[in-house]
Amino acid sequence: MGKAYALLGLAFIVVFGGAYLLWERAHAPTLEKVNPTTPMSLTLASSAFAHNGSIPSQYTCDGENTLPPLSITDVPEGTVSLVLVMDDPDIPEEIKTANNILKFNHFAVYNIPPDTTDITADSIPGTPALNTRGEEGYTGPCPPPEYEPKEHRYIFRLYAIEGTLSFEHTPTLDEVETAAKGQIIEQAELIGRYERTNE
């Protein structure tokens with residue numbers, strides 16, 4: 001009889017003990033799985049046009065010919081300076097041959113502080129380089145309407161580099177990119193398009 005009570009007591013402990021453990025597990029706070037931190041990607045964007053969208057005429061030779069507003073986010077750790085360039089690879093073959101060029105360089109600036117988040121026509125940080133016209137600063141889209149393709153791509157490239165650049169003379173866009181090539185940590189691209197509606 002005593003053994004029966006002992007077994008009954010043991011069964012009671014097992015049943016209620018197991019039930020208690022199940023209750024505890026059900027009411028324990030849920031811990032969210034923490035995913036490993038994904039590296040941030042350097043981003044270049046504009047409030048004036050979307051990636052692969054049309055550049056408003058005010059930023060071209062048909063308008064005010066000023067640099068469109070640009071924003072920079074997620075500059076990677078270790079960046080010492082930024083480089084920003086813009087060129088047009090869609091110039092007509094006739095112009096390429098006549099001027100012995102493969103593209104038209106519209107804008108280049110280097111040694112931009114890494115904490116820069118916004119670049120506007122009124123506030124361009126860094127040191128300007130030469131465009132294809134041999135001038136410092138920005139010259140806007142101006143695709144000649146008498147040639148194909150009538151719509152051109154204008155490619156903005158942003159480089160985060162691990163140093164600063166130094167030149168004995170004012171460099172061209174191509175010289176800036178060549179000098180930055182071995183120091184690039186990360187890069188971003190923004191493409192705008194433009195077709196002239198009036199000749």
Side-chain angles (χ1 to χ4, degrees), residues 32-56 58-60 64-91 101-141 152-194:
E32 295 182 4
K33 291 183 179 179
V34 180
N35 294 322
T37 304
T38 53
M40 293 184 175
S41 297
L42 179 66
T43 303
L44 178 66
S46 177
S47 59
F49 62 94
H51 180 60
N52 273 322
S54 296
I55 298 174
Q58 72 183 86
Y59 305 109
T60 74
E64 298 173 9
N65 207 22
T66 56
L67 180 72
L70 301 169
S71 61
I72 299 169
T73 55
D74 297 335
V75 174
E77 187 176 348
T79 300
V80 175
S81 68
L82 301 169
V83 171
L84 176 65
V85 303
M86 170 198 169
D87 57 33
D88 170 11
D90 296 328
I91 57 176
I101 57 176
L102 296 176
K103 57 189 176 63
F104 191 97
N105 298 330
H106 283 262
F107 179 63
V109 62
Y110 60 98
N111 290 348
I112 301 170
D115 59 353
T116 300
T117 56
D118 294 287
I119 298 177
T120 66
D122 297 325
S123 178
I124 301 177
T127 305
L130 300 177
N131 56 41
T132 294
R133 296 185 187 279
E135 303 167 343
E136 294 182 10
Y138 173 84
T139 183
H152 289 203
R153 293 168 298 155
Y154 297 89
I155 304 176
F156 294 81
R157 291 185 298 280
L158 178 69
Y159 302 102
I161 66 174
E162 58 188 4
T164 56
L165 304 180
S166 179
F167 302 92
E168 293 182 358
H169 58 273
T170 303
T172 64
L173 180 154
D174 296 327
E175 289 173 330
V176 168
E177 283 195 312
T178 298
K181 187 175 180 181
Q183 302 187 57
I184 297 173
I185 300 172
E186 198 173 339
Q187 67 185 69
E189 188 174 273
L190 171 67
I191 298 176
R193 298 174 181 271
Y194 187 67

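- Residues Ser46 and Phe156 fail the side-chain proximity criterion, which asks for heavy atoms closer than 4.5 Å.
- Using a cutoff of 4.0 Å between basic side-chain nitrogens and carboxylate oxygens, Asp88 and Arg193 are not scored as salt-bridged.
- Residues Ile55 and Thr60 come closest through the heavy atom pair CG2-CG2, 4.3 Å.
- Residues Ile119 and Leu67 have side chains in contact (heavy-atom distance under 4.5 Å, counting atoms from C-beta outward).
- Closest of all the heavy-atom pairs between Ala179 and Phe167 is CB-CZ, 3.8 Å.
- Using a 3.5 Å distance cut-off with no hydrogens or angles, the side chains of Tyr159 and Glu177 do pair a donor with an acceptor.
- Of all heavy-atom pairs spanning Phe49 and Gly192, the tightest one is CE1-CA, 3.6 Å.
- A 4.5 Å side-chain heavy-atom check between Phe104 and Asp87 finds every atom pair outside the cut-off.
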message: Let's go through His152 and Tyr194 carefully: what are the C-alpha distance in whole Å and the side-chain angles of both, what is the deciding distance for side chain to side chain contact (heavy atoms under 4.5 Å, CB included) to 0.1 Å, and is it a yes or a no?
response: CA-CA 6 Å; His152 289 203; Tyr194 187 67; over 6 Å; no
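- Here Ile72 contributes atom CD1 and Thr116 contributes atom OG1; the two are 6.0 Å apart, rounded to the nearest 0.5 Å.
- The line from CD1 of Ile161 to CD1 of Ile184 is 8.0 Å long, rounded to the nearest 0.5 Å.
- Note on ring orientation: taking the six-membered ring where Trp is involved, the planes of Tyr138 and Phe107 are perpendicular (angle over 60°, cut-offs 30° and 60°).
- The two atoms that bring Ala121 and Thr66 nearest to each other are CB-CB, 3.9 Å, heavy atoms only.
- Across every non-hydrogen atom of Thr164 and Ser81, the tightest pair is CA-OG, 3.8 Å.
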